[in-house]
Peer 1: 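I am attaching a structure below and will ask some questions about it afterwards.
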Amino acid sequence: MTGLIERFGVLGVFLLMVPESACIPVPSEVTLLFSGFAVHQGWMSFPLAVFAATAGNLVGSLLAYALGASGLLMRLRATRSLLRHWARLFELHGARTVFTARLVPLARTFVSLPAGANRVPLIPFIVLTTVGCCLWAAAFVLAGALLGEAWVTFSSTLGRALLVLGVIVIGLSLTNRSRG
C-alpha cells in the first residue's frame with residue numbers, strides 16, 4: 001500500500017481511499033498515516049493529501065451508495081437485518097447518521113450502503129460524507145506528520161493491530177449470525 005503512495009503521491013492516496021469507502025476494507029488509517037509521513041518528508045503537501053483522501057472517499061462512497069440504492073442488498077438474507085438496524089438509526093437521527101458514521105472505524109466504510117438503501121437524499125449525503133471524511137483524513141494525516149520518523153515502527157504495529165481487530169469483528173459477526 002505505501003508503495004502506491006511513494007510511486008504516485010496524491011494519486012496513490014486517492015486510489016487507496018476509493019476501495020476503502022466502496023466497502024473493501026483497505027485500512028484508511030494506514031494510508032492516511034503514511035500520507036502524513038509523506039507530508040513530514042516533504043513528498044506532498046498536507047492540503048493535497050487531505051483533498052486526495054477526501055475525494056477518494058467520496059468516489060468510493062458514491063459507488064457504495066448506488067449499490068445500496070439498487071435494492072440488491074435487501075434481496076440478500078444475510079444483509080436484511082443489518083439494513084433494518086441502519087434504517088432505525090436513520091429514522092432516529094436522519095442524514096446526520098452519515099456524518100457520525102464517517103468518524104467511526106468500520107462503520108465509516110459501510111455506511112454508504114444503508115444510506116443508499118434508505119434513500120438518504122444525495123446532496124446531504126455528499127455534503128456529510130465530504131465533511132466527515134475530510135475530518136477523518138485531516139486527523140490521521142496530521143498524526144502521521146507528527147509521528148514523522150517513527151512511522152516504520154508504528155505502521156508495523158498498527159497493521160498487526162488492525163488485522164487482529166478485523167479477525168475479531170468478523171468472528172463475532174459470524175458467531176452472532178449463527179445464533180440469530
Peer 1: Side chains of Arg102 and Thr109 only: does a donor on one sit below 3.5 Å from an acceptor on the other?
Peer 2: no

Peer 1: Quick one: pull up CG in Asn57 and OG in Ser112 and give me the separation to the nearest 0.5 Å.
Peer 2: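 Rounded to the nearest 0.5 Å, the CG-OG separation comes to 9.0 Å.
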
Peer 1: How about Trp136 and Arg108: do any of their side-chain heavy atoms sit closer than 4.5 Å?
Peer 2: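 Yes, side chains in contact.
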
Peer 1: Answer whether the closest heavy-atom distance between the side chains of Val50 and Pro47 falls below 4.5 Å.
Peer 2: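 Result no, sub-4.5 Å side-chain heavy-atom pair not found.
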
Peer 1: In the structure I gave you, are the side-chain heavy atoms of Val18 and Phe14 within less than 4.5 Å of one another anywhere?
Peer 2: yes

Peer 1: Show the nearest heavy-atom pair for residues Ala64 and Cys23, with the distance to one decimal.
Peer 2: CB-SG, 3.8 Å

Peer 1: Within the 3.5 Å criterion, strictly below it, is a donor on Glu20 or Thr31 matched to an acceptor on the partner's side chain?
Peer 2: no

Peer 1: Cluster question for you: counting only ILVMFWY and a side-chain heavy-atom cut-off of under 4.5 Å, with indirect links fine, are Leu147 and Trp43 together?
Peer 2: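 Yes, one cluster joins them.
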
Peer 1: Any side-chain heavy-atom pair from Tyr65 and Thr129 closer than 4.5 angstrom?
Peer 2: no

Peer 1: For Ala49 and Val141, which heavy atoms make the closest approach, and how far apart are they?
Peer 2: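 Looks like CB-CG1, 4.1 Å.
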
Peer 1: Side-chain heavy atoms nearer than 4.5 Å, only ILVMFWY residues, links allowed to pass through others: does that put Val104 and Phe110 together?
Peer 2: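 Each belongs to a different hydrophobic cluster.
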
Peer 1: How far does CG of Leu33 sit from CG of Leu142, to the nearest 0.5 angstrom?
Peer 2: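 Going from the CG atom of Leu33 to the CG atom of Leu142 covers 10.5 Å.
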
Peer 1: Let me confirm one number: the CZ-CG distance from Phe34 to Leu4, rounded to the nearest 0.5 Å.
Peer 2: 10.5 Å

Peer 1: Looking only at non-hydrogen atoms, find the nearest pair between Ala137 and Thr54 and report the distance.
Peer 2: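 That closest heavy-atom pairing would be CB-OG1, 4.2 Å.
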
Peer 1: If two hydrophobic side chains count as joined below 4.5 Å and joins carry through other members, does Phe8 share a cluster with Met17?
Peer 2: yes

Peer 1: Is there a side-chain contact between Phe46 and Ser35 in this structure, where contact means two heavy atoms from C-beta onward sitting under 4.5 Å apart?
Peer 2: no

Peer 1: Nearest 0.5 angstrom please: Leu113 CG to Ser70 OG, how far?
Peer 2: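 Going from the CG atom of Leu113 to the OG atom of Ser70 covers 9.0 Å.
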
Peer 1: Does a side-chain heavy-atom distance below 4.5 Å link Leu62 with Ile126?
Peer 2: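 Heavy-atom side-chain distance check passes, below 4.5 Å.
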
Peer 1: Mind checking whether Leu146 and Ile5 sit in one hydrophobic cluster, side chains of I, L, V, M, F, W, Y counted as touching below 4.5 Å?
Peer 2: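 As far as the 4.5 Å side-chain criterion goes, Ile5 and Leu146 are connected within one cluster.
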
Peer 1: What's the separation between atom SG in Cys133 and atom CG in Leu128, rounded to the nearest 0.5 Å?
Peer 2: 10.5 Å

Peer 1: Output the distance between atom CZ (Arg88) and atom OG1 (Thr97), rounded to the nearest 0.5 Å.
Peer 2: 12.5 Å

Peer 1: Mind listing the closest non-hydrogen atom pair of Met44 and Gly9 along with its distance?
Peer 2: CE-C, 3.7 Å

Peer 1: Around Phe51, counting heavy atoms of other residues, nucleotides and ligands shown, do more than 12 lie under 6.0 Å from its CZ?
Peer 2: no

